[in-house]
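None of the values given here were measured: they were computed from a predicted structure. Throughout, a chain's letter reflects where its sequence line sits, starting with A, and its residues are numbered from 1.
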There are 2 protein chains.
Amino acid sequence: MARERKFSNEELYQTTKQLLLQYGYEGYTITLLANQLDVSRAAIYKYYDNKEELLSEYMVYEFESFLSKLEKISEEKTFSDQFNALFAFIFNDMSLYQLREMGMQIPTVNKTIAKNKQKLSEIHKILYTSLEEFIQLGKQEKVIREDIPSNIVLGLIFQTVNIPNTEGMPHQLWVEKIKEVVCHGLFAI
Amino acid sequence: MARERKFSNEELYQTTKQLLLQYGYEGYTITLLANQLDVSRAAIYKYYDNKEELLSEYMVYEFESFLSKLEKISEEKTFSDQFNALFAFIFNDMSLYQLREMGMQIPTVNKTIAKNKQKLSEIHKILYTSLEEFIQLGKQEKVIREDIPSNIVLGLIFQTVNIPNTEGMPHQLWVEKIKEVVCHGLFAI
DNA sequence: TAGTATAGTTACACATTCGTCACTTTAAGA
DNA sequence: TCTTAAAGTGACGAATGTGTAACTATACTA
């Protein structure tokens, strides 16, 4: 009944992600997106009323897929295995914290966006409580120190992702070293 | 001989910093700056040929003052005291890493900017080697683990600054907790 | 093969930013 | 008081971004 599409939703989301990380929230434009997808700007507006709506839909997609991937981690048996899986997972797609910051910036210019932001904050809540439970488990099993607040534990893990690998170490080794420091600290004692 | 100025260089730099951190590199505009300083845009252009030049001058200022403040740290006697001073210092002005990223983004559109970027990269080098020497000292004194590359040590310290204090803990306590984790790790063992 | 729903394009109006230029204002010295 | 140099303003053209509307292209189906 219709013409073939020149780009899929998936392509649009992936391109959006790349552009957001490259140029930041304010540097992201529909012109850039359309050029990357090799279509006219107007084609984008067939699917989204405005930029904010597009970005809020993308954010929901990104965090939903993060959440669903995260749930597979709980299939690991020991806390230690789960911890390693979480670390590997976060380092595999290192941009979540940055994207979260940008998600907060989207102005609520219509009802769809309000709904998406609502959804986003629910996903965040689920994400956070499920991660917090995970940390709690670690504390119960006496693996994680009980004197460190969980939000600092999580914050630390997510922020380490952004440590620039200036020396160009092999990814795997680099992740191992960082995990080592996060687990046992900088000090020798 | 001349009229009184409505804003000082210092004010311009402070406002620039605030706007950069609030809106990001792409979101920073001369219009915003001029409004904040309560002057016309054209007044800004009396002092700077273009936006990039202004930003590159600001970056040099910011990193030079960081460097000079940093040098006072080496006056502390023991490594431990120096480490604490560094930590306190970084947490006192938490934005250095973000600003550094933005500094890298400035396009070189004329010679002044080229010169400033050159200067910036020299300051970075001094900054980095002086911090690296500091870490080396820690390793020699067997305080810092020798198996962790120095760039990861520094990266970790600078990144922890960005851990969001979601629970709204008192600043001092929050810094102490983070220092504790950075030094001794998440694990209880 | 003609109709139709969906995909995409071109072109427009509007807003914002940038950098410039001719102009006015102000304060100090001759 | 007159001159002058620096400070500041308002208005302009060029470029870029946003969102819309009228149009064309394509593929399925009756």
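- Remark: B:D93 engages B:K17 in a salt bridge, criterion side-chain N to carboxylate O under 4.0 Å.
- What separates CZ of A:R41 from P of D:dC23 is a distance of 20 Å, to the nearest Å.
- A donor and an acceptor atom sit less than 3.5 Å apart, one in the side chain of A:K46 and one in the base of C:dG8.
- The base of C:dT25 sits with one of its N or O atoms less than 3.5 Å from a complementary donor or acceptor on the side chain of B:R3.
- Contacts of B:Y48 with the nucleic acid, taken as non-hydrogen atoms under 4.0 Å apart, are absent.
- Atom CD1 in A:I30 sits about 17 Å away from atom P in D:dT16, given to the nearest Å.
- Using a 4.0 Å cut-off, no side-chain N or O of B:Y45 falls inside it from OP1 or OP2 of C:dT20.
- Within 4.0 Å (heavy atoms only), B:T29 reaches sugar-phosphate atoms of the nucleic acid but no base atom.
- At least one cation-pi condition fails for B:R41 and B:Y45: the charged atom is not both under 6.0 angstrom from the six-membered ring centre and inside a 45 degree cone around its axis.
- Under the 3.5 Å distance criterion, the side-chain polar atoms of B:K179 are left unmatched by any main-chain donor or acceptor of B:N84.
- The distance from atom CG of A:L37 to atom P of C:dG8 is 10 Å, rounded to the nearest whole Å.
- Regarding A:L32, its CG atom lies at a distance of 12 Å from the P atom of D:dT16, rounded to whole Å.
- A salt bridge links A:K142 with A:E146: at least one charged nitrogen is closer than 4.0 Å to a carboxylate oxygen.
- Counting to the nearest Å, the C1' atom of D:dA6 and the NZ atom of B:K6 are 15 Å from each other.
- As judged by a 4.0 angstrom heavy-atom cut-off over every strand, A:S40 is placed among the base-contacting residues.
- A sub-4.0 Å separation between OP1 or OP2 of C:dT16 and a side-chain N or O of B:T31 is absent.
- For A:L12 and C:dA7, the CG to C1' distance is 14 Å, given to the nearest whole Å.
- Between B:K51 and C:dC18, a side-chain N or O to OP1/OP2 separation shorter than 4.0 Å is present.
- Checking the phosphate oxygens (OP1, OP2) of C:dT17, no side-chain nitrogen or oxygen of B:Y28 falls inside 4.0 Å.
- Screening B:F63, B:Y61, B:Y47 for a ring-ring contact (aromatic ring centres under 6.0 Å, His included) involving B:Y13 leaves a single residue, B:Y61.
- For A:R5 and C:dG8, a side-chain-to-base donor-acceptor distance below 3.5 Å is absent, hydrogens and geometry of angles not being considered.
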